[in-house]
K.L.:
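Below: one structure in structure tokens.
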Amino acid sequence: HSLSKKLEHLKNGSCRVFIVHTSITLATKIFMEANSIGMMDKDYVWITTNAITSQIDSLNESIISSMQGVLGVKSYFSTTPKSYKDFHFRFRNKDFRFRFRAMFHLQYPGEPAPEPGTSAMQAYDAARAVAIALMEKPNLKSCTNLTDDVACMHEMNGQQLLGKILQSNFEGLTGAFNFKEGKLAPIHIFRIVNVVGKSFR
């Protein structure tokens, strides 16, 4: 009720341009409520930041339908690298798609199975960084048998693993994957998207 009151207050004010910079969960509630009280028509402009727009791929149709006309800033990544094409080729494999759709429909009946979005590809890149870090032989005196990768892996503690992950430097599905001062290097290229119909352009 508090959200609807705040939106009604905004509706009665003079402002017609809104920038939404919040969690995806709260954003979806805002748009559903704004749509129900007529604040998503042509008299209003809604702009979303990357944190929300990058997750549009994962939203269901009822939420997307309440966001018609929204403009957003979204991380840009190239779809031409071989790694990206290989990932999508595997994802579109008939057997994998069948299993994925079956699992998805058990959890979300009635919703169409989505294509892998930005969040899924970022998760894939993160998992790859961990795998690469684990595959490197640790430089430890206690790891005497360097031919036994599994034994050496067990000798690596959390701090050492984190250190190796922070040294990651490879081209991931969403672009360069590396860290600056302990944080994932930010993406500097964005695209502007407009929510139209069941998706965005």
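What you are looking at is a predicted structure, and each value in this text was computed from that prediction instead of being measured. Numbers here are sequence positions counted from 1. Values below: every heavy atom of this structure, side chains too, minus hydrogens, waters and symmetry copies.
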K.L.:
Starting from I52, can I reach M121 by hopping between I/L/V/M/F/W/Y residues whose side chains sit under 4.5 Å apart?
P.N.:
no

K.L.:
Determine, using the 4.5 Å side-chain heavy-atom cutoff (strictly less than), whether L161 and I132 are members of one ILVMFWY cluster.
P.N.:
yes

K.L.:
Would you please test I189 and F77 for side chain to side chain contact (heavy atoms under 4.5 Å, CB included) and show each step?
P.N.:
CA-CA 8 Å; I189 306 174; F77 51 88; over 6 Å; no

K.L.:
Is V70 reachable from L10 through a run of I, L, V, M, F, W or Y residues, each pair having side-chain heavy atoms under 4.5 Å apart?
P.N.:
yes

K.L.:
Tell me whether F190 shares a hydrophobic cluster with I192, the cluster being built from Ile, Leu, Val, Met, Phe, Trp, Tyr side chains joined at under 4.5 Å.
P.N.:
yes

K.L.:
Among residues at least two apart in sequence or on other chains, which ones pass side-chain contact (heavy atoms from CB on, under 4.5 Å) with Q159?
P.N.:
N157, L162

K.L.:
Checking one residue: V196. Which other hydrophobic residues are in its cluster under the side-chain 4.5 Å linking rule?
P.N.:
none

K.L.:
Might you confirm whether atom NZ of K29 has over 12 heavy atoms from other residues, nucleotides or ligands at distances under 6.0 Å?
P.N.:
no

K.L.:
Holding to ring-ring contact (aromatic ring centres under 6.0 Å, His included), I want the full list of residues that pass it with Y44, two or more places apart in sequence or in another chain.
P.N.:
none

K.L.:
Just list the side-chain donor-acceptor pairs under 3.5 Å for residues 19-27, sequence neighbours left out, or say none.
P.N.:
{"unit_1": "H21", "atom_1": "ND1", "unit_2": "T49", "atom_2": "OG1", "d": "2.9"}
{"unit_1": "S23", "atom_1": "OG", "unit_2": "L26", "atom_2": "N", "d": "3.2"}

K.L.:
Return the set of residues passing side-chain hydrogen bond (donor to acceptor under 3.5 Å, both in side chains) with N194 (not counting sequence neighbours), or none when no residue passes.
P.N.:
none

K.L.:
Would you check if M67 and T28 make a side-chain contact, meaning some heavy-atom pair closer than 4.5 Å?
P.N.:
no

K.L.:
Output side-chain donor-acceptor pairs under 3.5 Å for residues 166-180, partner residues at least two apart or in another chain, one line each.
P.N.:
{"unit_1": "S168", "atom_1": "OG", "unit_2": "I165", "atom_2": "O", "d": "2.5"}
{"unit_1": "T174", "atom_1": "OG1", "unit_2": "D125", "atom_2": "OD2", "d": "3.0"}

K.L.:
What about F18 and M40, same hydrophobic cluster or not, with Ile/Leu/Val/Met/Phe/Trp/Tyr joined at side-chain heavy-atom distances under 4.5 Å?
P.N.:
yes

K.L.:
Taking C-beta and beyond as the side chain, do T48 and F31 meet within less than 4.5 Å on heavy atoms?
P.N.:
yes

K.L.:
Given side chains that start at C-beta, do those of I37 and L7 come closer than 4.5 Å, heavy atoms only?
P.N.:
yes

K.L.:
Show every side chain to side chain donor-acceptor pair (under 3.5 Å) that has at least one partner inside residues 30-42, sequence neighbours left out.
P.N.:
none

K.L.:
Could you tell me which residues satisfy side-chain hydrogen bond (donor to acceptor under 3.5 Å, both in side chains) with S78, sequence neighbours excluded, listed by chain and number?
P.N.:
T80

K.L.:
With ILVMFWY side chains joined below 4.5 Å, transitively, what does L106's cluster contain besides itself?
P.N.:
none

K.L.:
M32: which residues meet the side-chain contact (heavy atoms from CB on, under 4.5 Å) condition with it, sequence neighbours left out?
P.N.:
I63, S66

K.L.:
Any side-chain heavy atom of I30 within less than 4.5 Å of one from W46?
P.N.:
yes

K.L.:
Please enumerate all residues that pass side-chain contact (heavy atoms from CB on, under 4.5 Å) together with V193, with sequence neighbours excluded.
P.N.:
T53, K74, R191, F200

K.L.:
Among residues at least two apart in sequence or on other chains, which ones pass ring-ring contact (aromatic ring centres under 6.0 Å, His included) with Y76?
P.N.:
none

